[in-house]
Amino acid sequence: MARHLITSALPYINGIKHLGNMVGSMLPADVYARYLRQRGHDVLYVCATDEHGTPAELAAKEAGLPVAEFCAQQHEAQKAVYDGFHLAFDYFGRSSSPQNVEITQRVARSLHAGGFIEERAIRQVYSLADGRFLPDRYIVGTCPHCGYDKARGDQCENCTRVLDPTDLVDARSAISGSSELEVRETRHLFLLQSKLAHEVEAWIDAVGGEWPTLASSIARKWLTEGLQDRAITRDLEWGVPVPADTWPELAAEGKVFYVWFDAPVEYIGATKEWADHAPAERDWESWWYRAEDVRYTEFMAKDNVPFHTVMFPAIQLGTREPWKKVDYVKAFNWLTYYGGKFSTSQKRGVFTDTALELLPADYWRYFLMAHAPESDDTSFTWELFTATVNKDLADTLGNFVNRVLSFSRKRFGDEVPAGAPAGPAEERLGAEIAELLTEYQEQLDALQFRKAAQALRALWSAGNVYLEEKAPWLEIKTDQDAAALTLRTAMNLIHLYAIVSEPIIPASARAMRDAFALDGDTATWVAPEQARALAAVPAGTPFTVPPVLFAKISEDDLAAYRERFGGAEE
């Protein structure tokens, strides 16, 4: 059985992330990791804050803190939000960790030894107003390819083309807005991607066939345009230092590695952090070095795809060491806010900390998976969110659980009633549940999260249809054993729902499962053929009625959300 290594794109340290960041990487990775663990697989899910680069320096300066202290505080703030969303990382690390510094420098030395890093004198943009060299992303202007007027000096967000700052039309400093820029000579290290292009293409040919079209098309677009040698160092105070034993002059000048060089390496670094912080010995290298039995899956939004499918594999290939490379890239389109982009800088949309202040995590987890932007962009609106919560969570699942348990306790007491043996209706229900559960498993195996949420909703709906058909509130008037059978069967459905819903709504799943005082209840998953019997919770099992799982969002709530966050029904 393969071991599963899972990573999600590292959230940048500068500020709390919005729902678009959550649905585009960390949440689906968590759902998949939870599902695989429940199926009995050996899973390692690591992530980390991405802490280097100019934005961190500038944000720290604005906050009046040393950059190291600022990043430490922001790491804890982000981790608290992810804990609130029940993201079950095996380890959540930091790209500024000593482990990442060590491994990044090791990778750089290996690339240098193989002839894939070269020192070059270049002419770089210097801002007279800011008194500093400007990193590529802090030069903005108009993209020469598509005309987007907010393109950065490293990449155009609109057309995803890789750029150099000198490509931009009407370039200006993103720090001061000044166009008083001049080009000065400085020296930097370059990753010779051009020498690795054929190897990267051959690797993508070998593994990229099963990737989603979104991921493979972006990777091949980069290859078609031709891989250019890329500067991998910067003139910054904060970052992984260039190792003095290999490049003493550049180290003396204070050069650090480009954030997109060290950030992907942090996946490896976070794994070493996971091992180093464990009370017992762990072999981190077995996940990354000659890891033939590991299946590696990455989760990210589409803007991160080029770096993970081309640049990072080029780095790994160029080391001439047997580093584990990604097997499957799960890429996502954008989640928009009423058709416009979520924006951290413009405070547009719903941010994850605010979301948790409004409603529990499971409301958001389910909505985001049910509307995951997989095949195309998805627009978040408060109207769609309200309809999804009220219909799927409150009416379909929550109401079913409350009706069944409350009615059974009222009529039969606090134990699962015995009643008649299962009959034709229960056999038909069992067959339907087995079929729907098979569909749910297949969609999770395929990393199709919207379809998985649809299949899960269909499982919940099947219970409601059964309950309406059997109508125990009518059966009990003429045949108490028949009513008891219906309720016992429905309680088994609740227990089944608790187990199989856990990847998407873990807190609610726990509440459903805890409703039953079932001795030896250690099942982590239910196979479709096992589910068919609907007999895991026998008669006589004590149960309680949990608090309301999902409260409906009222019209007043909806109006308040619109007023606070903006957005109106389209």
Side-chain angles (χ1 to χ4, degrees), residues 1-11 13 17 21-51 75-100 102-103 262-300 304 308 312 323-330 352 361 365 369 444-445 447 449 502-507 509-510 524-525:
M1 182 179 290
R3 294 183 295 154
H4 287 268
L5 174 64
I6 296 172
T7 64
S8 52
L10 309 186
I13 194 66
K17 305 300 111 178
N21 297 122
M22 179 63 69
V23 73
S25 58
M26 291 173 284
L27 178 56
D30 178 71
V31 171
Y32 188 54
R34 285 176 175 274
Y35 168 69
L36 290 176
R37 291 189 194 108
Q38 286 187 258
R39 296 296 303 275
H41 295 281
D42 188 5
V43 177
L44 180 63
Y45 174 25
V46 297
C47 191
T49 38
D50 179 5
E51 301 188 7
H75 172 82
E76 290 304 315
Q78 288 199 27
K79 186 177 185 303
V81 172
Y82 304 144
D83 289 344
F85 265 87
H86 308 302
L87 300 183
F89 303 116
D90 289 288
Y91 194 81
F92 186 68
R94 302 179 61 187
S95 69
S96 61
S97 69
Q99 291 87 345
N100 194 42
E102 173 192 339
I103 296 172
D262 79 84
V265 177
E266 167 58 12
Y267 297 134
I268 307 172
T271 307
K272 190 172 190 303
E273 291 175 63
W274 164 78
D276 290 348
H277 287 85
E281 184 175 352
R282 288 171 172 165
D283 183 6
W284 70 269
E285 286 193 333
S286 71
W287 290 93
W288 284 101
Y289 210 76
R290 295 191 179 91
E292 292 85 1
D293 64 331
V294 172
R295 179 169 174 81
Y296 177 19
T297 306
E298 290 179 342
F299 291 80
M300 69 200 68
N304 286 324
H308 288 80
F312 186 40
W323 293 112
K324 177 63 184 176
K325 290 171 283 296
V326 65
D327 294 297
Y328 192 85
V329 177
K330 177 62 177 180
T352 49
R365 289 178 63 106
M369 290 296 89
L444 285 174
D445 286 334
L447 286 82
F449 294 99
E502 193 269 343
I504 296 178
I505 49 170
R510 184 76 264 169
T524 58
W525 194 254

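Only heavy atoms go into these numbers, but all of them, side chains included; no hydrogens, no water, no symmetry mates. Just so it is clear, the model here is predicted, and its values are computed rather than measured. Residue numbers count from 1 along this sequence.
Annotation: side chain of Pro503 is not in contact with side chain of Phe449 (no heavy-atom distance under 4.5 Å). At least one side-chain heavy atom of Phe85 sits under 4.5 Å from a side-chain heavy atom of Met22. Annotation: side chain of Trp323 is in contact with side chain of Ile268 (closest heavy-atom distance under 4.5 Å). Residues Ile6 and Leu36 form a side-chain contact, since some pair of their non-hydrogen atoms from C-beta on lies under 4.5 Å apart. Contact annotation: the side chain of Cys47 approaches that of Pro11 to within less than 4.5 Å [non-hydrogen atoms, C-beta and beyond]. Trp287 is not listed as a side-chain neighbour of Val46, based on a closest heavy-atom distance of 4.5 Å or more. Side-chain contact between Thr297 and Asp327: absent, with no pair of heavy atoms (C-beta onward) separated by less than 4.5 Å. Looking at Pro506 and Arg365, their side chains come closer than 4.5 Å, going by heavy atoms from C-beta outward.
Under the 3.5 Å distance criterion, with hydrogens and angles disregarded, no donor-acceptor pair is assigned to the side chains of Thr49 and Gln78. Ser8 and Tyr45 are linked by a side-chain donor-acceptor pair at a separation below 3.5 angstrom, with hydrogens and angles left out of the test. Using modelled atom types, one finds a donor on one side chain and an acceptor on the other under 3.5 Å when comparing Glu51 with Ser96. Residues Asp30 and Tyr82 bring no donor and acceptor atom of their side chains to less than 3.5 Å of each other.
Here the closest non-hydrogen pair linking Ile13 and His75 is CD1-N, 3.5 Å. In terms of heavy-atom proximity, Ser286 sits nearest to Val294 at O-CG2, 3.9 Å.
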Just do the side-chain contact (heavy atoms from CB on, under 4.5 Å) check on Leu444 and Val31 with the steps written out, would you? CA-CA 9 Å; Leu444 285 174; Val31 171; 4.2 Å; yes

Could you please spell out the steps behind the side-chain contact (heavy atoms from CB on, under 4.5 Å) verdict for Lys272 and Ser97? CA-CA 10 Å; Lys272 190 172 190 303; Ser97 69; over 6 Å; no

Using salt bridge (charged side-chain N to carboxylate O under 4.0 Å, His left out), reason through Lys330 and Glu298 one step at a time and then give a plain yes or no. CA-CA 6 Å; Lys330 177 62 177 180; Glu298 290 179 342; over 6 Å; no

Under the side-chain contact (heavy atoms from CB on, under 4.5 Å) rule, what do Arg34 and His86 come out as? Steps first, then yes or no, please. CA-CA 11 Å; Arg34 285 176 175 274; His86 308 302; 3.8 Å; yes

Run the side-chain contact (heavy atoms from CB on, under 4.5 Å) test on Val329 and Met300 for me, step by step, so that the C-alpha distance in whole Å, both residues' side-chain angles and the decisive distance to 0.1 Å come before the verdict. CA-CA 8 Å; Val329 177; Met300 69 200 68; 3.9 Å; yes

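With hydrogens and angles ignored, the 3.5 Å screen pairs no side-chain donor or acceptor of Asp50 with any backbone N or O of Leu10. Judged by distance alone, with hydrogens and angles left aside, the side-chain atoms of Ser25 form a donor-acceptor pair with the main-chain N or O of Asn21 at under 3.5 Å. Side-chain atoms of Lys324 never come within 3.5 Å of backbone atoms of Glu292 as a donor-acceptor pair (strictly under, hydrogens ignored).
Under the 6.0 Å cut-off for aromatic ring centres, Tyr32 and His41 do not qualify, their centroids lying 6.0 Å or more apart. Remark: aromatic rings of Trp525 and Tyr35 are close, center separation under 6.0 Å. Annotation: Tyr296 is not in aromatic contact with His4 [ring centroid separation under 6.0 Å not met].
A distance of 9.5 Å separates CZ in Phe92 from CD in Glu76, rounded to the nearest 0.5 Å. Taking NZ of Lys17 as the start and OG1 of Thr352 as the end, the distance is 8.5 Å to the nearest 0.5 Å.
With salt bridges taken as basic N to acidic carboxylate O contacts below 4.0 Å, one links Asp293 and Arg3. Using a 4.0 Å cut-off between charged side-chain N and carboxylate O, Asp90 and Arg37 make a salt bridge.
For Lys79, the NZ atom is loosely surrounded, since the number of other residues' heavy atoms within 6.0 Å does not exceed 12.
A side chain to side chain contact (heavy atoms under 4.5 Å, CB included) with Tyr267 is found for exactly one of Ile103, Thr7, Val326, namely Thr7.
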